[in-house]
There are 2 protein chains.
Amino acid sequence: MTQIDAPDITVPATTDTAPKLGRKRDHTRDPEILDAALEVLAETGYDGMTIDMVAARAKAGKATLYRRWSSKADLVIDAVACMKQSHFDLEALPDTGTLRGDMVAMIKPHSIEEGERKLQIMAGVMSMLSRDPGLADVVNAAIVEPRASVNRMFMQRAVARGEISADADIETLAMITSSMAAYRTLVLKKPVDKEFLLSIIDGVLMPALGIRPTAG
Amino acid sequence: MTQIDAPDITVPATTDTAPKLGRKRDHTRDPEILDAALEVLAETGYDGMTIDMVAARAKAGKATLYRRWSSKADLVIDAVACMKQSHFDLEALPDTGTLRGDMVAMIKPHSIEEGERKLQIMAGVMSMLSRDPGLADVVNAAIVEPRASVNRMFMQRAVARGEISADADIETLAMITSSMAAYRTLVLKKPVDKEFLLSIIDGVLMPALGIRPTAG
DNA sequence: CATATACGGTACTCACCAGTTTCGGATATT
DNA sequence: AATATCCGAAACTGGTGAGTACCGTATATG
């Protein structure tokens, strides 16, 4: 009897776009919800994740989530797309004067930790990648490209200062670290630690670019 | 966890535990079922795959599958473990006299095609990798290691004939091709074609090993 | 203050799927 | 031939989770 759900009445004459009335949606909570989604995603993967888990983690109601995102897939895609904290501050990047110095300077506990988190998220989203082609672009822009572009910039600077040849295949080389770190974490289940990263720099990248060990 | 093939079971009637009677299980169909499972796995991923799909694909009854594998996870693990057809015939590997020649000789349409199939299977199993630690070893033995060991052997031969230095980090370099191919297929969604593989060989591996282009 | 909406929470519907059971028919052993 | 087991097919069970509806309450708008 008490039907309060009748939105087809009292439509204002000003049918411009959306004459909002009543309480407004609290968008300040969106980042908390998206962060909760990323946490659950990294822990359980897309298929293991439930909307209730995310809602509970964010201390929000399930209906609140569906008021803002139309589906689980929508929420996850938005969460991945909005993980902006990870974009490297281009101003604060190291500039040590040598390519190896720059790359070694990027090896910090914080970077490693954040990298592993991103890889966990990528693993959680992997099963979805095949179904939603647009998601691949989102993952690429949010996770892959930021890190690759840093390596690319380091190498371009090295070319500019004459440290390495301009013939180097920078596009391919810039992806080696990401590729091997992903493979090592997701497939081999081994840690991506400082030793491993150094073995890539000194065992692959530097030799491939014709840079000899400086010790001698 | 099943024997791969047991067509000729010459078990004496006086077996210790089970004196079998009646019709015997037709194990010649096991490979067909496992292949069907791999197909569905590659197409839909582990979570999207249903037992009914596999049964229908193999033209078998669902009960038949459960008579042979105790669970969906069991079936998938066995399917991955038994994809033995892919193990390279060590006798038939190329031996061209140069490392680059050997590696380029491995680039064949058939190899590329089979590699992409394996990667699709790996992607489908990815979400399961976090839950079942034993699966990582199975995937490693069935997909990763066979290809890496081929590259390792090529490089060891190159060391033996003095083509490359014995100081090269063969362990790391042997995984570059697999890592980058996996990354390119699963994350970047770009094809692993001949051109890409050549760019790895000539833009990364050869320079890293100090081998100069032979043309000049 | 009155109203319309958002909020957290809970209960509900509906579909899907792992795993089990059942059935009629086929097949190998005795 | 009799029997025990397998087979494919299909019905059934039980649990789970996406998405919806509703409740009492909170809060911004007018």
Side-chain angles (χ1 to χ4, degrees), chain A residues 1-14 18-30 32-33 36-37 40-41 44-77 127-128 131-132, chain B residues 2 6-15 17-30 32-33 36-37 40-41 44-77 127-128 131-132:
Chain A
M1 307 301 183
T2 60
Q3 306 292 0
I4 58 177
D5 191 356
D8 56 333
I9 45 177
T10 66
V11 174
T14 60
K20 289 291 182 182
L21 235 56
R23 182 178 178 181
K24 283 176 187 167
R25 194 166 288 170
D26 179 14
H27 276 286
T28 65
R29 299 219 47 202
D30 282 10
E32 303 172 40
I33 297 172
V40 178
L41 191 61
T44 70
Y46 179 80
D47 299 281
M49 152 184 171
T50 70
I51 297 291
D52 294 272
M53 285 185 203
V54 178
R57 185 77 59 110
K59 294 187 180 66
K62 198 193 333 194
T64 301
L65 270 66
Y66 277 102
R67 248 175 247 123
R68 305 177 190 211
W69 295 277
S70 66
S71 68
K72 175 181 170 181
D74 237 46
L75 170 64
V76 169
I77 290 175
S127 66
M128 221 184 150
R131 298 171 224 164
D132 187 327
Chain B
T2 60
D8 305 359
I9 317 175
T10 57
V11 177
T14 60
T15 326
T17 51
K20 290 291 182 180
L21 235 58
R23 183 180 178 180
K24 282 176 189 167
R25 193 165 291 171
D26 180 12
H27 276 287
T28 64
R29 299 222 47 203
D30 283 9
E32 301 172 42
I33 297 172
V40 178
L41 191 61
T44 71
Y46 179 80
D47 299 281
M49 153 184 169
T50 70
I51 297 292
D52 294 88
M53 286 185 202
V54 179
R57 185 77 59 111
K59 294 187 181 66
K62 201 198 325 198
T64 301
L65 271 66
Y66 277 102
R67 245 176 249 122
R68 304 176 191 210
W69 295 277
S70 65
S71 69
K72 176 181 169 181
D74 235 47
L75 169 64
V76 169
I77 291 174
S127 66
M128 220 183 151
R131 298 172 226 164
D132 186 328

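Because the structure is predicted, anything quoted here is derived from the model rather than measured. Note on naming: letters A, B, ... go to the chains in the order of the sequence lines (proteins, then strands), and numbering restarts at 1 for each one.
- Contact of the B:Leu75 side chain with the B:Met49 side chain is registered, since non-hydrogen atoms from C-beta on lie closer than 4.5 Å.
- Out of C:dG8, D:dA18, C:dG19, the shortest distance to the side chain of B:Tyr66 is found at C:dG19.
- Residues satisfying the side chain to side chain donor-acceptor pair (under 3.5 Å) criterion with A:Arg25, sequence neighbours excluded, are absent altogether.
- Of the candidates C:dG8, C:dG19, D:dC7, C:dG8 carries the atom nearest the A:Ala60 side chain, counting heavy atoms from C-beta on.
- Between B:Asp47 and B:Arg131 there is a salt bridge, since at least one side-chain N of the basic residue sits less than 4.0 Å from a carboxylate O of the acidic one.
- Taken to the nearest 0.5 Å, the OG1 atom of A:Thr50 stands 8.0 Å off from the NZ atom of A:Lys62.
- A straight line from CH2 of A:Trp69 to P of D:dA18 spans 15 Å, rounded to a whole angstrom.
- Among the protein residues, B:Ala55 comes within range of no part of the nucleic acid, since none of its heavy atoms lies under 4.0 Å from any strand.
- Checking B:Asp30, B:Ile77, B:Val76, B:Ile51 one by one against B:Trp69, the side-chain contact (heavy atoms from CB on, under 4.5 Å) holds for a single residue, B:Asp30.
- Summarising the geometry of B:Gly48 relative to B:Met53, their closest heavy-atom pair is O-CE, 3.3 Å, with the distance given to 0.1 Å.
- The distance from atom CG of A:Asp74 to atom P of D:dA18 is 14 Å, rounded to the nearest whole Å.
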Give me the distances for all protein-to-nucleotides 12-17 of chain D N/O pairs that come in under 3.5 Å?
none

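- Side-chain N/O atoms of B:Lys24 include one lying less than 4.0 angstrom from OP1 or OP2 on C:dT29.
- Taking only side-chain nitrogens and oxygens, B:Arg25 comes nearer than 4.0 Å to OP1 or OP2 of D:dC6.
- Within the 4.5 Å cutoff, side-chain heavy atoms of B:Ile33 are placed close to those of B:Arg68.
- If you take CZ on B:Arg29 and CG on B:Leu65, they are separated by 9.5 Å, rounding to the nearest 0.5 Å.
- For D:dC7, the OP1/OP2 oxygens have a side-chain nitrogen or oxygen of B:Arg67 closer than 4.0 Å.
- Among D:dG8, D:dC22, C:dA6, the nucleotide with an atom closest to any side-chain atom of A:Arg23 is C:dA6.
- DNA chain D contains the following stems of three or more consecutive Watson-Crick or G-U pairs, with both distances under 3.5 Å: C:1-30 with D:1-30.
- Whole-Å rounding puts the A:Asp26 CG to C:dA4 C1' distance at 17 Å.
- Heavy atoms only, all atoms of each residue included: A:Tyr46 and A:Ser127 are closest at CB-OG, 4.3 Å.
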